[in-house]
Amino acid sequence: LFLQNLIVFHYVKTKTLRIPNFIDEYISLASNFNFWKTLDFNAGDRFGGSYSIYLTSGPVSNIGGIIGWNEFSDIAISRLFNFYWVLLLQILFSFLIVKNFGGSLKFLFAFNSLLIILIPWWQGSLYMIGEIPSVILLVNSIFLFNKYRYFSLTLISFSIFFGKLLNVIPFLIFYIVLFYIEKDLKKVINDAIIFSIPFIFWLGLVNFNYESGNLQDYITDLYNLISNHQSSGISREGSIFSLSNFVN
């Protein structure tokens, strides 16, 4: 275990020094640094100001990077710290999973550092963007859903609104299947209340701080950004809600 982590540390450290600068890294670090300091989710006027629709990696994305930057003001150290924040997040979930479902904690503890670097886009954690930490929150919360339903829903909501909004799609698929199995409307209402707590908190911050207007303006601008962006797969022809657009 010691040798493995020594190799992983050296590999990750080498990566932090060799990977090129990335504009999303600056945006994520700047906006989240400001958020944890002042609750102003802001990467500067160039990127839309406070709570801009262009800030797609939320505050859970780079807590390690913010700690590294706050203490050392060094981008390489911030990248390294953020990798170990992502690893710590996965280890904490591993404790909960072993506690509730059994299995070998030693195996999970040894496997986690390898698990992170086996993800094809694992260096996104060095760039301090939100895909990997938010998906760790989402997937592990689904694993724990039957044991900690409300706790899991809260974390899933955080993974979406404070991580990556795109996570709403796999969550909806999961929850639709769950509702089909349970067929319990009362649970849906209770789940919606719990799920909405981080959601409402985030929308409140947006409503009072959005640079280009209020909450309604934010939702309209976000919808237009997603529906018109080339990476969304949405065709200019026909209805935006067509089957072909959904598949794309």
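In this text the structure is predicted, and so the values were computed from the model without any measurement.
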Review point. Do N190 and Y150 have side-chain heavy atoms sitting under 4.5 Å apart?
Key: yes
Review point. Hey, does F93 have a side-chain heavy atom less than 4.5 Å from the side chain of I136?
Key: yes
Check your understanding: Run the ring pair (Phe, Tyr, Trp, His ring centres under 6.0 Å) check on W122 and Y11 step by step: do they pass?
Key -> CA-CA 12 Å; W122 75 270; Y11 177 59; 5.6 Å; yes
Check your understanding: Taking the six-membered ring of F101, is NZ or CZ of K147 closer than 6.0 Å to its centre and within 45° of its axis?
Key -> yes
Exercise for review: Using the six-membered ring of F95, assess whether NZ or CZ of K99 lies under 6.0 Å from its centre and within 45 degrees of the ring axis.
Suggested key: no
Check your understanding: Any side-chain donor paired with an acceptor under 3.5 Å for Q216 and N207?
Key -> no
Review point. Of the non-hydrogen atoms in N112 and S94, which two are nearest, and what is the gap between them?
Key: ND2-OG, 2.9 Å
**Study point:** Stepwise side-chain hydrogen bond (donor to acceptor under 3.5 Å, both in side chains) test for S50 and N42
**Key:** CA-CA 4 Å; S50 295; N42 190 340; 3.3 Å; yes
Check your understanding: Is E182 salt-bridged to R149, cutoff N-O under 4.0 Å?
Key -> yes
Review point. Closest heavy-atom contact between S159 and S134?
Key: CB-O, 3.4 Å
Check your understanding: Between N62 and S28, do the side chains contain an N or O donor and an N or O acceptor separated by less than 3.5 Å?
Key -> yes
**Study point:** Heavy-atom pair with the smallest gap, counting every atom of S141 and L155
**Key:** OG-CB, 3.3 Å
**Study point:** F41 ring center near Y51 ring center (under 6.0 Å)
**Key:** yes
Review point. Using the benzene-type ring in the case of Trp, are the ring centres of F195 and F171 under 6.0 Å apart?
Key: yes
Review point. What class does the angle between the rings of F111 and F107 fall in, given that below 30° is parallel, 30 to 60° is tilted and above 60° is perpendicular?
Key: parallel
